[in-house]
There are 4 protein chains.
Amino acid sequence: MRGLNKVTLIGNLGADPDYQQLEGNVGVAKFSLATTEAYKDKNGHVHHTTDWHSIVLWRSLAELTHKYLRKGSMVYVEGKLKNRQFEDKEGRTRYVTEIVADQIIMLDKKVGNTEDE
Amino acid sequence: MRGLNKVTLIGNLGADPDYQQLEGNVGVAKFSLATTEAYKDKNGHVHHTTDWHSIVLWRSLAELTHKYLRKGSMVYVEGKLKNRQFEDKEGRTRYVTEIVADQIIMLDKKVGNTEDE
Amino acid sequence: MRGLNKVTLIGNLGADPDYQQLEGNVGVAKFSLATTEAYKDKNGHVHHTTDWHSIVLWRSLAELTHKYLRKGSMVYVEGKLKNRQFEDKEGRTRYVTEIVADQIIMLDKKVGNTEDE
Amino acid sequence: MRGLNKVTLIGNLGADPDYQQLEGNVGVAKFSLATTEAYKDKNGHVHHTTDWHSIVLWRSLAELTHKYLRKGSMVYVEGKLKNRQFEDKEGRTRYVTEIVADQIIMLDKKVGNTEDE
DNA sequence: TTTT
DNA sequence: TTTT
């Protein structure tokens, strides 16, 4: 209803994706994605900043991720920002922000595939 | 460099924005934005989910926010996902994900203004 | 396959939408959308430019458009850029660029609805 | 004002870009970009459609294009939809839709650069 | 042809 | 904590 929640990222996987098969044959994959940007400071020097994003993928996107994406792969990810709370080992409520993907485009020459959820 | 980090949201402010003037006359505004979505469950019943997002705005966008946005205002926000760590009162490292806005469009009839950073 | 084609617009309808029911009960709606932007010239004067976009909507989005959108309505449109050729009355091949919508969000207070194709 | 006009594309150049230096040392580059999509028909067969887009780039983006992009290069383009009219050789008014880029990301391994206008 |  |  009157809402838009969309994230688009292009970056590289920080490590091989994690993949699990849940009950009912539902697959979930997760990975960290680094997006790097160049910017100039006041003196005109170029610096880079990297932001890390937690990506979660379900079903066919999880299979694709598991099959084709590896540490270092470059990928376009489109999805929704979701906040999830969980209890840490000390019983405290913790909050995480994740991007639940609904489209990915693999940007490495080796593989080439787009998929929609 | 080879990176894209973009968030686009349309939603409503959960409360009046917080505004502060930092040293050097730099303004910062913050607010929580709710994005609500409808989806159908397996039985065809419509449900709503709301996601809350922490928005941070600097300089001219902070002034605009301070001047025009209020609890309930509908707004389009475009920005970047940034993760920030800070120490909580117990000295633990905590992580927050914020959206640093670089464009807003006010979507309420009352006011009408787009601004770029 | 390795392709992304996405347009996002916020603007106002230039006229009431056109709606037709094709064979097989498939609805199509069309409208022109104006997006207006402010920019400053070299002397700091503010100017406005308006761009007009041809929007095409199918099925449930066509019904929504027909039901709720009118001349002047403000709407968010997300879709794909498509080029279509047709023969004009003099038999020449002409080209049009249209945006085939796959999501709309009505931004007027009166009505309030998001719908996905 | 209250307007959003944004296009995001990932695709390949159909030919080497055209580059011109206008008066005042202002560079303009143009190229055609193909975005390809897979879709399934009613029988589950996969088909591909290609859409062609006219991209225009000014100043530093034109230089980058001229220097690094070639026929076949894969690129992310973000920009605005602009309609332009011109007179064809027979004196008729013709309309073209172009995407005026304000950001590109080169997606080929060989080169690697993001630039903002 | 819209809107502020 | 918002909105419809």
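A, B, ... follow the sequence lines: proteins, then strands. Residue 1 opens every chain. Because the structure is a prediction, the values reported are computed rather than measured. Side-chain atoms are counted along with the backbone in the values below, which use heavy atoms only and exclude waters and symmetry mates.
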Mind running side chain to side chain contact (heavy atoms under 4.5 Å, CB included) on C:Leu57 and C:His66 for me, showing each step along the way?
CA-CA 10 Å; C:Leu57 312 100; C:His66 179 50; over 6 Å; no

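- D:Asn83 has its CG atom 13 Å from the C1' atom of E:dT1, to the nearest Å.
- B:Trp52 and B:Ser32 get closest at one heavy-atom pair: CE3-CB, 3.9 Å.
- Applying the salt bridge (Lys or Arg N to Asp or Glu O under 4.0 Å) rule to pairs touching residues 61-78 of chain C yields A:Lys6-C:Glu78, C:Lys6-C:Glu78, sequence neighbours excluded.
- Across all strands shown, C:Thr50 has heavy atoms under 4.0 Å from base atoms, whether or not it also approaches the sugar-phosphate.
- As rounded to whole Å, 4 Å separates atom C1' of F:dT1 from atom CH2 of B:Trp52.
- Between C:Tyr76 atom OH and F:dT3 atom C1' the separation is 18 Å, expressed in whole Å.
- Each of F:dT2, F:dT1, E:dT2 was ranked by its minimum atom distance to the side chain of B:Ser32; first place goes to F:dT1.
- Regarding C:Ile10, its CD1 atom lies at a distance of 15 Å from the P atom of E:dT4, rounded to whole Å.
- C:Leu107 has its CG atom 15 Å from the P atom of E:dT3, to the nearest Å.
- Residues that satisfy the salt bridge (charged side-chain N to carboxylate O under 4.0 Å, His left out) test with A:Glu90, not counting sequence neighbours, are B:Arg92.
- When the P atom of E:dT2 is taken as reference, atom NZ of C:Lys30 falls 21 Å away, rounded to whole Å.
- In this structure, the CD1 atom of B:Ile105 is 15 Å from the C1' atom of E:dT2, given to the nearest Å.
- Distance from the side chain of B:Asn12 is smallest for F:dT3 among the nucleotides E:dT2, F:dT1, F:dT3.
- The distance between atom CE of C:Met106 and atom P of E:dT2, rounded to the nearest whole Å, is 20 Å.
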